[in-house]
Amino acid sequence: MTRPSDLVVARTRAELATARNALEGPVGVVMTMGALHAGHARLIEEARRRAASVLVTIFLNPLQFGPNEDLARYPRTLDDDLRLAREHGADVVFAPGPDVVYPDGDPGVRVAAGPLGAVLEGASRPGHFDGVLTVVNKLFHLTRADLAFFGQKDAQQLLLVRRMVRDLDVPVEVVAVPTVREEDGLAMSSRNRYLTPFDREVALVLQRALRAGEAAAPEGPSAVRRAARDVLVAEPAARVDYLALVDPHDLADVREHHQGEALLAVAARVGSTRLIDNVPLVVGRPVG
Ligand code: PAF
């Protein structure tokens with residue numbers, strides 16, 4: 001166990017248990033895969049505001065990456081991550097290796113995300129959410145957190161974590177934190193580091209498409225989809241994976257006469273980087 005200033009860094013289960021026992025409750029957890037940025041800082045700050053103690057986990061979870069995905073090149077920046085975690089108010093960072101989290105290798109028993117995990121991101125990344133929920137569940141047990149903070153940017157992940165907590169009676173309160181954006185609107189992501197200057201410009205199309213959809217929201221679902229799609233097709237350098245207008249509670253496509261809450265979500269490949277973003281909307285004009 002090491003201590004850069006007042007931050008406790010635990011690498012093993014035993015070190016985590018010792019550090020956790022010394023924390024005052026309620027304990028808030030922010031789970032990350034490292035390469036921390038302003039979005040993570042916001043999660044840590046929110047945890048600081050809501051909980052007496054803040055525990056950050058940094059674990060690059062191999063289980064949630066497909067065979068052709070970016071696990072090998074995912075940025076590993078532990079020293080910078082510890083600095084950011086400390087500056088924004090973390091008390092403990094748990095940064096285990098895969099052998100600590102999965103001592104017997106790949107787990108034979110996993111959490112199944114079910115149908116909600118098979119659409120949108122799950123359709124493009126089979127098994128991804130089983131991997132996410134399995135590690136999130138393990139980290140809930142290991143950290144024994146009272147509150148857990150997740151970003152709205154990964155809206156499907158947030159929904160599935162909430163569903164798991166309810167379906168499996170996990171004793172934790174899940175808190176959603178709004179997406180943090182760069183000044184020009186690009187959603188913060190650890191993967192933004194892969195973008196070349198050209199890609200970085202192209203990537204802004206996601207945010208422009210979401211804004212166009214948002215502006216069309218009073219006219220109803222078709223107008224939202226059309227407005228967002230028109231923006232995306234005008235930028236051929238972004239290869240769109242999906243653009244979806246869905247019910248935020250079950251991720252089902254919203255129907256033409258739907259009025260009320262919806263989630264406009266987009267995923268696209270820009271250069272070699274896959275990016276996602278979303279915006280919550282209220283669609284349709286209220287009757288009367
Ligand atoms: O959102 C992430 O960074 C990951 O999916 C999480 C929740 C840390 C699980 O590995």
Side-chain angles (χ1 to χ4, degrees), residues 7-13 15-17 19-20 23 26-51 53-65 71 74-78 80-82 84-86 88-98 100-102 107 110-111 113 117 121 128-166 168 170-180 188-191 276:
L7 179 75
V8 176
V9 182
R11 307 291 298 220
T12 66
R13 287 170 180 241
E15 288 176 355
L16 174 63
R20 171 64 181 85
L23 291 178
V27 173
V29 69
V30 175
M31 297 181 187
T32 82
M33 297 201 298
L36 303 190
H37 50 67
H40 296 114
R42 174 84 175 74
L43 291 169
I44 296 168
E45 285 165 6
E46 190 59 22
R48 183 79 271 161
R49 217 172 58 76
R50 297 275 305 264
S53 307
V54 179
L55 207 156
V56 173
T57 68
I58 298 179
F59 176 60
L60 190 49
N61 175 35
L63 225 57
Q64 68 190 75
F65 287 79
L71 175 62
Y74 202 88
R76 290 153 167 88
T77 57
L78 186 61
D80 290 344
D81 293 348
L82 295 180
L84 182 143
R86 187 184 60 239
H88 291 273
D91 298 299
V92 175
V93 168
F94 178 45
V100 170
V101 176
Y102 303 118
R110 302 178 186 203
V111 178
E121 282 304 283
H128 169 68
F129 287 114
D130 294 1
V132 170
L133 294 184
T134 300
V135 82
V136 168
N137 199 35
K138 283 173 77 82
L139 292 171
F140 280 148
H141 288 302
L142 291 169
T143 62
R144 291 179 285 119
D146 304 293
L147 300 128
F149 297 79
F150 288 89
Q152 286 277 6
K153 166 159 176 290
D154 296 301
Q156 189 174 7
Q157 168 173 285
L158 171 63
L159 181 67
L160 278 160
V161 170
R162 282 194 192 287
R163 185 60 67 91
M164 175 178 76
V165 162
R166 198 165 71 232
L168 303 185
V170 185
V172 68
E173 181 188 339
V174 175
V175 181
V177 179
T179 302
V180 177
M188 295 279 180
S189 164
S190 302
R191 292 185 167 98
I276 61 171

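Numbers for residues simply follow the sequence, beginning at 1.
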Chemist: Report the C-alpha distance between Leu60 and Leu71 in whole Å, list the side-chain angles of each, state the deciding distance to 0.1 Å, and finish with yes or no for side chain to side chain contact (heavy atoms under 4.5 Å, CB included).
Modeler: CA-CA 8 Å; Leu60 190 49; Leu71 175 62; 3.7 Å; yes
Chemist: For a quick test of reading the model, state the closest non-hydrogen atom pair linking Gly151 to Leu43 and the distance between them.
Modeler: N-CD2, 3.8 Å
Chemist: Could you walk me through whether Asn61 and Val101 satisfy the side chain to side chain contact (heavy atoms under 4.5 Å, CB included) test, starting with their C-alpha distance in whole Å, then the side-chain angles of each, then the deciding distance to 0.1 Å, before giving a yes or no?
Modeler: CA-CA 9 Å; Asn61 175 35; Val101 176; 5.8 Å; no
Chemist: In Å, rounded to the nearest 0.5 Å, how long is the span from CG of Asp81 to NE2 of His37?
Modeler: 10.0 Å
Chemist: Can you see which heavy atom on Val93 is nearest to which on Ala85, and at what distance?
Modeler: CG2-CB, 3.8 Å
Chemist: Heavy atoms only: give me the nearest His40-Gly34 pair and the separation to one decimal.
Modeler: CE1-O, 4.0 Å
Chemist: Decide yes or no on side chain to side chain contact (heavy atoms under 4.5 Å, CB included) for Val29 and Arg144, but give the supporting numbers first.
Modeler: CA-CA 9 Å; Val29 69; Arg144 291 179 285 119; over 6 Å; no
Chemist: Please examine the side chains of Phe149 and Ile44, heavy atoms only from C-beta on, and report whether any two atoms are closer than 4.5 Å.
Modeler: no
Chemist: For residues Leu159 and Phe129, determine if any side-chain heavy atom of one lies less than 4.5 Å from a side-chain heavy atom of the other.
Modeler: no
Chemist: In the structure I gave you, are the side-chain heavy atoms of Arg20 and Leu55 within less than 4.5 Å of one another anywhere?
Modeler: yes
Chemist: From Asp154 CG over to Leu158 CG, what is the distance, rounded to the nearest 0.5 angstrom?
Modeler: 8.5 Å
Chemist: Could you tell me if the side chain of Arg110 sits less than 4.5 Å from the side chain of Leu63, heavy atoms only?
Modeler: yes
Chemist: For the atom pair CG (Asp146) and CD (Glu173), what is the distance rounded to the nearest 0.5 Å?
Modeler: 9.5 Å
Chemist: Donor-acceptor check, side chain of Arg42 to backbone of Val177, threshold 3.5 angstrom: yes or no?
Modeler: no
Chemist: Backbone N or O of Tyr74 within a donor-acceptor pair of the Arg76 side chain at under 3.5 Å?
Modeler: yes
Chemist: Can you give me the closest heavy-atom contact between Val56 and Ala90, atom names plus distance?
Modeler: CG2-CB, 3.7 Å
Chemist: Closer than 3.5 angstrom, by distance alone: can the side chain of Arg13 be matched with the main-chain N or O of Val100 as a donor-acceptor pair?
Modeler: yes
Chemist: Give me the atom names and distance for the closest heavy-atom approach of Leu7 to Val92.
Modeler: CD1-N, 4.0 Å
Chemist: Measure the CD-CD distance between Gln157 and Glu121 for me, rounded to the nearest 0.5 Å.
Modeler: 10.0 Å
Chemist: Side chains of Asp80 and Leu36: closer than 4.5 Å at any heavy-atom pair?
Modeler: no
Chemist: Counting C-beta onward and ignoring hydrogens, is there a side-chain heavy-atom pair between Phe150 and Met31 closer than 4.5 Å?
Modeler: yes
Chemist: Is there a side chain to side chain contact (heavy atoms under 4.5 Å, CB included) between Leu160 and Val132? Walk through the geometry before answering.
Modeler: CA-CA 9 Å; Leu160 278 160; Val132 170; over 6 Å; no
Chemist: Less than 4.5 Å apart, any side-chain heavy atom of Tyr102 and any of Lys138?
Modeler: yes
Chemist: Heavy atoms only: give me the nearest Leu133-Met164 pair and the separation to one decimal.
Modeler: O-SD, 3.7 Å
Chemist: For the pair Ser190 (side chain) and Ala35 (backbone), establish whether a donor and an acceptor sit closer than 3.5 Å, ignoring hydrogens and angles.
Modeler: yes
Chemist: Can a salt bridge be assigned to the pair Arg48 and Glu45 using a cut-off of 4.0 Å between side-chain N and carboxylate O?
Modeler: no
Chemist: Does the side chain of Val27 reach to within under 4.5 Å of the side chain of Thr143, using non-hydrogen atoms?
Modeler: no
